Amino acid sequence: MGHRVTLIPGEGIGPEIMRCVQQVIEALQLNVEWETTVAGQEALAKTGRALPEEVLDSLRRNRVGLKGPIGTPIGEGFVSVNVSIRKALDLFVSLRPVKNRPGIASRYENVDLVIVRENTEGMYSGLEHEVVPGVVESLKIISRPACERIVDFAFKFARDHGRKKVTAVHKANIMKMSDGLFLEVARGIAPNYPGISYDERIVDAAAMKLVRYPERYDVLVMENLYGDILSDVAAGLVGGLGVVPGANLGKDCAVFEAVHGSAPDIAGKGIANPMAMLLSAAMMLRHLNETDGAERVERAIDLAIADGKATPDIGGLGNTASFTQAIIERL
Ligand code: NAI
C-alpha cells in the first residue's frame with residue numbers, strides 16, 4: 001500500500017534539502033506520494049495567511065507530514081508557523097534523537113541521547129501583552145495534563161527503546177509553581193516505570209553537564225523553551241545543526257522536521273547539509289513501517305560520509321547535490 005505524505009518544502013535552505021529527500025526516497029522505490037503545500041512568507045503573500053488552512057487540512061487528512069524549516073520574523077510580524085502547526089494539530093511531543101555518527105568529527109564520542117520536548121505550551125503560549133508602557137507580560141502556561149502526557153511519553157519511549165534513564169529538566173527552584181508542577185508530575189509518573197531510573201537537573205546545570213559529560217545522559221524530558229535551547233546545545237555535541245533530525249508527534253498526526261532553521265546565511269549557495277532532513281525522513285519511514293527503507297538511508301549516509309562526500313559543515317568536500325548523489329549511489 002502506498003503512503004500519501006504532506007510535504008512542506010519550507011524556506012531558505014528548506015526547498016534545497018527537501019529536493020534531496022525526494023530524490024533519495026524516489027531512489028528507494030517506495031510508494032510515497034507527496035502532497036506539496038506552501039506555508040510561510042510565500043503563502044502570506046499569496047493568501048494573506050502564513051499558515052493557510054489547506055496546509056493543516058492536508059496534514060489532518062494524510063496524518064503524516066515532512067516539513068522544511070520556516071523563518072519567523074524576530075520581535076514583530078506573524079506568529080511562528082512552526083509553533084502554530086504543532087499547536088493546531090496538538091503535536092505535543094518534539095522528539096530529537098542526538099547521537100554521534102561515524103565519520104563526523106566532534107569533541108565527544110558516545111553521545112546517544114534523546115530530547116523529549118513539550119511542544120504545545122510553556123513559554124511558547126504566545127500570550128504576551130503590554131501591561132503599561134514599558135512593562136510587558138509574557139505568560140508561561142504549564143498544565144497538569146500536558147505535563148502528564150509528555151512525561152509519560154518520555155518513560156514509554158525509554159521503556160520501548162531499551163533506554164535506562166529519564167532526566168527531568170526544570171527550573172523549579174525559581175518557578176516554584178509552574179516548573180514545580182512539572183516536577184511533581186514527573187515524580188508521580190516515574191514509579192510506574194520501575195525498569196527506568198529517574199533523576200532531575202536544573203536547566204542551567206543541565207546545559208553545563210551536557211557539554212562536559214554528554215555520555216551520562218539518556219532520555220531528557222522538559223518544557224518547550226528548555227527543549228528548544230538544549231536541542232541546539234546537544235546538536236553542537238555531535239557535529240552541529242546539519243545532522244540532527246526530529247519528529248513532532250501527536251495522537252493523530254506526525255510531522256517530521258530537522259532541528260535546524262532556514263539557515264538564511266547559506267541559502268542558495270548549494271552547500272546546505274541535507275542529512276538532518278534525510279534522517280528526519282528516515283524517522284518518518286520508520287513511522288510508516290518502512291523500516292528497511294529507513295535503515296538503507298541511514299547506512300548510505302554513513303557510507304557517503306566515510307568516503308568524504310559530505311558537505312563542508314561536517315568536514316566533507318562535497319556540496320548538497322554531490323552529497324545527495326553519493327547517498328543515492330550507496331543505497
Ligand atoms: P538556523 O538553524 O537556521 O542556523 C544556525 C546556523 O546553523 C547557521 O550558521 C546555519 O548556516 C547553520 N545550519 C543550519 N542548518 C544547516 C544545514 N542543514 N547545513 C549546514 N549548516 C546549517 O538558525 P537561525 O539562523 O537562528 O534561524 C534562521 C531562521 O530559521 C529563523 O527565522 C528561525 O526562526 C527559523 N527557524 C525555524 C525552525 C523550524 O522551521 N523548525 C527551527 C529553528 C529556526
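Given the structure is predicted, the values throughout are model-derived calculations rather than measurements. Ligands are counted one by one from 1 in listed order, and the atoms in each one are counted from 1 as well.
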With a 4.0 Å cut-off on N to O distance, would you call [X] and [Y] a salt bridge?
X: R61; Y: E54; value: no
X: K171; Y: E223; value: no
X: D199; Y: K165; value: yes

Worksheet item: Looking at F92, does the NZ or CZ of R149 lie under 6.0 angstrom from its six-membered ring centre and within 45 degrees of the ring axis?
Response: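 Because its charged atom sits under 6.0 Å from the ring centre and within 45° of the axis, R149 does stack over F92.
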
Can the positive tip of R201 be found less than 6.0 Å from the middle of the six-membered ring of Y213, inside 45° of the ring normal?
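Geometry flag: not set, cation outside 6.0 Å or 45°.
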
(Q) Counting only heavy atoms and a distance below 4.0 Å, can you name the residues contacting ligand 1? (A)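 Residue list for ligand 1: I13, K67, P69, I70, G71, T72, N82, R86, L241, G242, E257, V259, H260, G261, S262, A263, P264, D265, I266, A272, N273, D313.
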
*Will you find, in the side chains of T320 and E16, an N or O donor that is under 3.5 Å from an N or O acceptor?*
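Result is no, nothing qualifies.
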
